[in-house]
Each structure stands twice: as C-alpha cells, then as structure tokens.
Amino acid sequence: MTSVATVTAYPMSDEEREVQERARRFVDEELIPHEAEAEMNGGRLSEELRRRHHHMAIELGLYAMNMPKELGGGGMPTFQQVLVSEQIGRVTNALGWSIRGERHECYAITEEGAGSDVDAIASIARRDGDDYVLSGTKMHVTSYNTADYLFFQAKIADGPNAGAHAMFFVDKDTPGVRLVREPAYMHTYADSHAVVAFDDVRVPAANLIGAEGDGLGFTYEWFRYERLMIAARCCGAAERLLDEATSFAKERVQFGRPIIDNQSIAHMLADSLTELWAARLMTYELSRNIDRGLEVKIQHAQCSMVKLYASEMAGRVADRAVQIFGGRGYMRENVAERFYRELRVDRIWEGTSEIQRNIVADQLAKRGVRALAG
Ligand SMILES: Cc1cc2nc3c(=O)[nH]c(=O)nc-3n(C[C@H](O)[C@H](O)[C@H](O)COP(=O)(O)OP(=O)(O)OC[C@H]3O[C@@H](n4cnc5c(N)ncnc54)[C@H](O)[C@@H]3O)c2cc1C
C-alpha cells in the first residue's frame with residue numbers, strides 16, 4: 001500500500017528524489033552542525049572544514065550544478081538545481097555556498113548612482129587597439145574577498161556602439177583592480193560585499209563577453225536564474241524555520257501546557273506552512289516549465305513573481321518563528337534570529353520587491369492574466 005507521505009509529496013522521479021536527499025544529507029550532516037560556530041566567528045569556519053565541505057560538495061556531485069557536464073559542471077536540469085538550492089537554503093551563514101565551483105566569480109554591476117536602475121551605470125570601457133580599458137567604481141560586490149575573477153559591466157565609451165552596455169571578464173589580480181573598502185552588513189557571512197575601483201584596467205578584447213551591446217541581456221539572464229534560485233532558497237529557509245519552531249512549540253510548556261496548544265501560536269505555524277506550500281508549488285512548477293522550454297518573456301515575469309512571493313513569505317515566516325521562540329528567538333545562537341536577519345536581503349538583491357512588482361505589472365499589462373497565470 002502507498003504511504004500517505006508518498007501520496008502527498010510533490011511528484012518526482014526517483015532520480016530527482018535522490019538528488020534532493022543527497023543535498024539534504026549534506027546540509028544536515030555537514031553544514032548545519034557548524035552554523036553557530038560560524039555565527040560567532042564572523043561567518044568563517046576553519047580552513048580544514050572549509051576545504052572538507054568544498055571537496056564533499058564535489059564528491060557528491062552538488063557543485064557548479066548549472067555548468068554543462070562537458071565543462072566539468074553538474075549539468076543539472078533547472079528543476080534539480082531548484083531542489084539542491086532549496087536544501088542549501090536550509091542552512092544559515094551562507095555555509096551552503098560551498099557548492100560553488102573551484103574558481104569563484106563575483107558580479108560588479110551596482111554603482112553608487114545605479115542600483116535598481118542598472119542603465120544608469122557610469123563605468124566605461126574604452127577600446128584601445130587589441131584591448132579595452134575599464135574604469136569605474138562598483139559597490140556591494142559579493143564574494144570579492146573569495147573570488148578569482150569578476151564580471152564587470154560598463155558602457156562603451158566611443159565608436160559606433162557608444163553608450164551600449166558590455167560585460168567583461170576580469171581576473172581579480174589584473175593591475176588597476178583595487179579594493180576600496182569592505183563594509184559590514186546585517187548578516188554574518190565569510191564572503192564580503194566590497195566597494196571595488198577599476199582604475200584604467202586593461203584587458204584583452206577577448207575578455208568582452210559576447211558583443212558590445214550584449215551586456216544588459218547577460219545581466220537579465222543572470223537575474224532570471226538567480227531570482228528563481230533565491231525563491232528556492234527561501235522555501236528551504238521557511239521549511240527549516242517551520243521544523244524548528246514546530247518542535248519548540250510542542251515541547252515548550254508554559255501555564256502547564258505546550259505553547260502550541262494556544263491558538264495564537266498554532267495559527268502562526270498554520271499560516272507559515274500554507275504560504276510555504278504555495279511558494280514551493282510556484283517555484284517547482286516554474287522550474288519544470290523552464291525545462292520544458294517556457295517562452296523567455298513569460299519566464300521573466302514568473303521568475304519575478306516567485307522571487308517576490310517566496311522572499312516575502314520567508315520574511316513573514318522568520319518573523320513568526322522569532323515570536324514563537326520568545327526570548328530565545330532573539331539570541332544569535334538561535335536559527336530564527338539568524339534567518340530573521342539573513343532573509344531580509346532577499347527582498348533587496350537581484351531586484352527589490354518593488355522592482356519585481358513593476359516587472360510583473362508591466363508584463364500583465366502587455367500579455368494579460370492567462371498568459372502569466374493561466
Ligand atoms: C548584501 C548585498 C549584496 C549585493 N550583491 C551584489 C553583487 O554581488 N553585485 C552587484 O552588482 N550588486 C549587488 N547588490 C546590489 C543590489 O542588487 C542592489 O542593492 C539592489 O538592486 C537595489 O539597488 P539600491 O540598493 O541602489 O537601491 P535603490 O535602487 O536606490 O532603491 C532604493 C529604494 O527605492 C525603491 N525604488 C527604486 N526604483 C523604484 C521604482 N522604479 N519603483 C518603485 N520603487 C523603486 C527600491 O525598491 C528601494 O526600496 C547587493 C546588495 C546587497 C544589499
């Protein structure tokens with residue numbers, strides 16, 4: 001007889017379930033036990049542990065999962081990448097970032113005058129013989145301290161494509177790439193978010209990715225991918241918070257009974273579970289449809305919808321979890337406290353909630369309800 005759990009679980013092939021379980025075991029056994037230690041140590045773990053996690057991620061086939069197999073990556077379909085990202089989202093302090101490839105990248109797009117409005121960037125790329133000379137200052141460059149290379153977005157300075165966006169590949173040790181400062185942020189991650197200056201950085205023309213004018217297209221492609229993966233990680237975070245808050249509410253006794261016996265506590269958990277299920281179904285269905293070849297414009301709107309909904313859902317779940325844990329929920333050793341801070345940025349990076357709503361509303365006006373949610 002089929003068990004109730006099998007019937008209610010989201011339908012998946014044996015291979016997909018196995019990938020999910022493999023990622024779950026890695027997170028439960030190798031990463032979660034080190035969260036509190038990382039929190040108290042500026043997000044850092046010992047070099048030995050860091051190397052162990054990285055090697056294990058490679059051995060388990062969980063690293064560089066979006067890279068084609070021919071290039072040494074995992075070559076996973078989008079749905080399987082979502083399953084892995086969701087598990088990675090269950091751990092705090094970005095310990096799950098150990099699944100990145102052997103050489104790390106970082107993205108230098110945002111500037112002081114250009115955040116939501118990417119087209120306002122002032123960085124320029126000037127062609128000089130067989131080279132380009134890059135200049136500008138970027139901020140919030142995530143993982144600059146651990147990266148080997150950067151993606152740098154600029155506008156072409158002159159010539160027939162003057163003003164067009166272009167994306168460059170820049171090795172971090174190229175002369176002229178200069179760390180300005182590494183400000184402190186709300187979460188406790190080992191990866192910094194740096195301000196980086198490019199002082200006449202000379203790179204070969206071969207470092208231009210695609211053609212002059214392709215820059216924004218690459219950025220939008222990355223946004224679509226990362227918005228979906230943020231949604232997946234937020235679902236994972238909400239699952240973990242619900243697991244932990246439910247266990248606590250069943251065990252914690254006040255006034256002679258477990259606090260879950262109070263309707264006000266039980267309803268917070270019920271709302272959280274309901275919203276998690278909705279966000280998860282949206283995220284799973286979209287990733288399956290991307291694998292089936294969903295039209296890019298629809299992907300663009302739906303990636304905004306899942307990022308918007310899942311990040312706001314996870315924020316609400318974290319807030320309720322802190323409340324359910326009471327004073328313990330305000331302690332840094334508690335998972336709810338860490339997620340309460342960490343999940344806040346998911347409503348800001350890769351496009352704020354306001355920008356996601358603008359994209360969705362724009363697509364709604366152009367295409368109608370049935371195209372986007374039919
Ligand atoms: C921790 C962290 C890491 C980051 N990592 C990177 C990175 O690696 N690389 C990178 O290039 N960038 C990175 N960013 C930058 C991030 O993508 C931007 O912060 C984000 O896009 C918002 O830009 P902004 O901060 O300049 O806010 P602004 O664009 O100044 O917006 C401020 C407020 O105005 C609102 N607003 C702006 N325009 C509109 C509008 N048209 N309609 C309604 N509301 C609007 C916004 O929603 C927001 O509430 C990171 C940011 C953070 C916090």
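Order of listing sets the numbers, starting from 1, for every ligand and every atom in it. Treat the numbers as computed from the prediction; the structure is a model and nothing was measured.
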Original post:
Does the protein put a heavy atom under 4.0 Å from atom 33 (C) of ligand 1?
Top reply: no
**OP:** Using distance alone, determine whether His140 and ligand 1 share an N or O pair under 3.5 Å.
**Re:** yes
**OP:** Check whether the ring centres of Phe168 and Phe151 lie less than 6.0 Å apart, and answer yes or no.
**Re:** no
**OP:** Output yes when a side-chain donor or acceptor of Arg227 lies under 3.5 Å from a complementary backbone atom of Glu350, and no otherwise.
**Re:** yes
Original post:
Polar-atom distance check: Asn358 versus ligand 1, any N or O pair below 3.5 Å?
Top reply: yes
Original post:
What atoms of ligand 1 come closer than 4.0 angstrom to any heavy atom of Thr352?
Top reply: 22 (C), 46 (C), 47 (O)
**OP:** Check each atom of ligand 1 against the heavy atoms of Thr142 and keep those under 4.0 Å away; list them by number with element.
**Re:** 3 (C), 4 (C), 5 (N), 6 (C), 7 (C), 8 (O)
Original post:
Heavy-atom count around Arg332 CZ within 6.0 Å, excluding the residue itself: above 12?
Top reply: yes
**OP:** Any atoms of ligand 1 less than 4.0 Å from a non-hydrogen atom of Tyr185? List them with their elements.
**Re:** 1 (C)
Original post:
Are Lys138 and Phe198 in a cation-pi contact, defined as NZ or CZ under 6.0 Å from the six-membered ring centre and within 45° of the axis?
Top reply: no
Original post:
Has the side chain of Arg90 got a donor or acceptor atom that lies under 3.5 Å from a matching backbone atom of Glu239?
Top reply: no
Original post:
Are any of the N or O atoms of Ile355 closer than 3.5 Å to those of ligand 1?
Top reply: no
